[in-house]
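What follows is one structure encoded as structure tokens, with my remarks underneath.
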Amino acid sequence: MLKKTPKGQPSTNEETLQRLSEEYELPKIILQYRTLAKLKSTYTDSLIRIENPVSKRIHTSYQQAITSTGRLSSTEPNLQNIPIKTAEGRRIREAFVPDKNNILISADYSQIELRIMAHLSKDTNLTNAFNKGLDVHSATAAEVFGVNLDDVTQDQRRSAKAINFGLMYGMSAFGLTRQLDIPRAEAQKYLDTYFERYTGVKEYMANTKAQAKEDMFVETLMGRRLYLNEINAANGLRRQAAERAAINAPLQGSAADIIKKAMIDIDAFLNKEMPEVKMIMQVHDELIFETPKKNAEEVMSTMKNMMEKAVELDIPLIVEAAIGTNWNEAH
DNA sequence: CACTTCGGCGCG
DNA sequence: AAAGCGCGCCGAAGTG
């Protein structure tokens, strides 16, 4: 037994079975079965049963007052977790198609939470990377591993990406150790070097925590608050969990503020100027539109522009948009 | 039969 | 002992 669940049962989660499959045949087969069973039960079987008899479409419901950070949530069905990461999963996504004569446009914010971190922290190094239009994970790799931008290896970029994401979630050296499968000391060295190169981020993290402990809340760009009742708890586990939430909420929540502002702007614009264009879905940093084929290119560039101009930060917001005959193709 | 809890896993 | 944030839905098992 490699790991236990919080209730004390032997864990059979993916990571555990992956490790067991080095020694045994069965775990790998179980994992393959689970992958396919998940796709069938949650997506294939469920979605076809939920078609609205009148519209012949699937309609989600967006909950506006559920999440702690200010994101929307999507239910019955959840359309914010449609597969995309694997080839098998993407076949589910291909089933999302527009009416005849129409086309889908997907437009998503690029690295929005890291950009917000650059803006809120005013870190010069991170800000420069975005202002120069660099690949931010490669730029981080160059800094952390002390190499030229052009000499960054795939593996170094992968590590830097884990660092960038991990930081926004309040990850420790221990977490990075597990993520990258490297010795603890090595992970600690990466983080130390990171904070030497990005002192603004280091100060921002420290200030956010200190402020949270003082106020008992953190807030987003537009002033949405998350109250943190356990930020000063005597129980270390609970306190540390609250500290991680304090780090993450302003980043995740500000991104939610921005896309909501964009949605409001776009809704007003479409009603007035392009009533034939329908804003049909939101997936946290992505908006999906259904529009007649004829002027789809113009619609796409207009939506991209409105999303990029929803707010003005110290660094540019970049939106990547594409057109497709199904959701997979548009993404 | 409806409901709850748990472990697991899909997404950003 | 746990050590990366935020969600919702599935099947299995247990409850009444």
Side-chain angles (χ1 to χ4, degrees), chain A residues 3-18 30-31 33-47 49-50 60-86 88-90 92-93 106 108-114 116-117 161-180 184 187-188 191 205 208 218 220 226 228 235-256 259 281-288 327 331:
Chain A
K3 188 183 158 194
K4 287 186 176 182
T5 69
K7 289 278 174 190
Q9 300 297 310
S11 174
T12 70
N13 70 12
E14 171 161 12
E15 188 195 344
T16 306
L17 291 191
Q18 206 72 279
I30 294 173
L31 284 173
Y33 170 80
R34 285 206 189 143
T35 300
L36 297 174
K38 177 88 176 183
L39 291 176
K40 183 172 190 297
S41 66
T42 307
Y43 302 103
T44 314
D45 291 349
S46 305
L47 288 175
R49 260 191 266 121
I50 214 172
T60 186
S61 299
Y62 288 108
Q63 315 300 322
Q64 299 203 68
I66 292 290
T67 70
S68 61
T69 56
R71 278 186 174 183
L72 302 182
S73 93
S74 163
T75 61
E76 288 184 288
N78 181 357
L79 294 188
Q80 292 177 326
N81 71 346
I82 299 301
I84 191 170
K85 291 175 181 173
T86 66
E88 292 278 355
R90 281 193 291 274
I92 305 280
R93 201 165 270 245
S106 165
D108 67 276
Y109 285 105
S110 167
Q111 307 293 355
I112 189 167
E113 292 182 9
L114 269 179
I116 290 164
M117 188 161 84
K161 186 175 176 180
I163 293 170
N164 279 331
F165 273 99
L167 281 171
M168 296 191 293
Y169 298 151
M171 186 179 62
S172 65
F174 177 87
L176 194 59
T177 289
R178 303 204 45 166
Q179 178 80 23
L180 298 180
R184 180 77 169 262
Q188 189 60 56
L191 291 181
M205 299 273 178
T208 301
V218 291
T220 65
L226 172 63
L228 296 154
N235 181 322
L237 289 184
R238 290 171 178 272
R239 188 176 64 248
Q240 286 164 23
E243 288 172 358
R244 293 193 296 274
I247 293 295
N248 180 256
L251 305 175
Q252 185 184 125
S254 296
I259 196 166
M281 287 192 283
Q282 189 255 41
V283 188
H284 309 306
D285 65 354
E286 170 187 17
L287 295 176
I288 295 95
W327 190 8
H331 197 280

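First the proteins, then the strands, lettered A, B, ... as listed; each starts at 1. Predicted model only: the values in this text are computed from it and were never measured. Because only heavy atoms are used, hydrogens play no part in the values below, and waters and symmetry mates are left out as well, while side chains stay in.
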Item to check | Pairwise P distance, C:dA2 and B:dC6 [rounded to whole Å] | outcome: 15 Å

Next on the checklist: Regarding A:S74 and A:T60, do their side chains bring together a donor and an acceptor under 3.5 Å, going by distance alone?
Outcome noted: yes

Item to check | Rounded distance (Å) that lies between atom C1' of C:dA3 and atom CZ of A:R244 | outcome: 7 Å

Checklist entry - If you look at every strand shown and take non-hydrogen atoms under 4.0 Å, does A:Y43 touch a base, only sugar-phosphate, or nothing? => result sugar-phosphate

Next on the checklist: Taking atom CZ as the centre, does A:R178 end up with more than 12 heavy-atom neighbours from other residues, nucleotides or ligands that are less than 6.0 angstrom away?
Outcome noted: no

Item to check | Between A:E286 and A:S106, a side-chain donor and acceptor under 3.5 Å | outcome: yes

Item to check | Close side-chain approach of A:M168 to A:Q252, heavy-atom, < 4.5 Å | outcome: no

Next on the checklist: Tell me if a side-chain donor or acceptor on A:S254 pairs with a main-chain N or O of A:T220 at a distance below 3.5 Å.
Outcome noted: no

Item to check | Polar contact flag, side-chain donor to acceptor under 3.5 angstrom, A:T75-A:Q63 | outcome: yes

Item to check | Shortest non-hydrogen contact between A:R184 and A:F174, atoms and distance | outcome: NH1-CD1, 3.8 Å

Checklist entry - Can you tell me how far C1' of C:dA1 sits from CZ of A:R239, to the nearest Å? => result 14 Å

Next on the checklist: Going 5' to 3' along DNA chain B, which are the first and last nucleotides with any atom under 4.0 Å from a heavy atom of chain A?
Outcome noted: B:dC6 to B:dG12

Item to check | Letter per nucleotide, 5' to 3', of nucleotides 6-13 of chain C [B base touched, S only sugar-phosphate touched, - untouched; heavy atoms, 4.0 Å] | outcome: BSBSSS--

Checklist entry - So what does A:I84 hit on the nucleic acid, given a heavy-atom distance under 4.0 Å: a base, only sugar-phosphate, or nothing? => result sugar-phosphate

Checklist outcome for this item: From NZ of A:K3 across to C1' of C:dA3 the rounded distance in Å is 12 Å

Checklist entry - So, does A:N248 use its side chain to make a donor-acceptor pair with the main chain of A:Y169 at under 3.5 Å? => result no

Checklist entry - Contact class for A:R34 (heavy atom, under 4.0 Å): base, sugar-phosphate, or nothing? => result sugar-phosphate

Checklist entry - Do we see a donor-acceptor contact under 3.5 Å between the side chains of A:S172 and A:R244? => result no

Checklist entry - Taking five pairs at each end, how big is the angle between the two axes of the helix from B:dC1-C:dG16 to B:dG12-C:dC5, to 10°? => result 10°

Checklist entry - What is the nucleic acid contact for A:E14, judged by heavy atoms within less than 4.0 Å: base, sugar-phosphate only, or nothing? => result sugar-phosphate

Next on the checklist: Donor-acceptor pair, distance only, cut-off 3.5 Å: does the side chain of A:R71 make one with the backbone of A:A256?
Outcome noted: no

Next on the checklist: Output the rounded distance in Å from CD1 (A:I116) to C1' (C:dC5).
Outcome noted: 14 Å

Checklist entry - Do A:V283 and A:N81 touch side chain to side chain, with heavy atoms closer than 4.5 Å? => result no

Next on the checklist: Whole angstroms only, please: what is the CZ-P distance between A:R184 and C:dA2?
Outcome noted: 15 Å

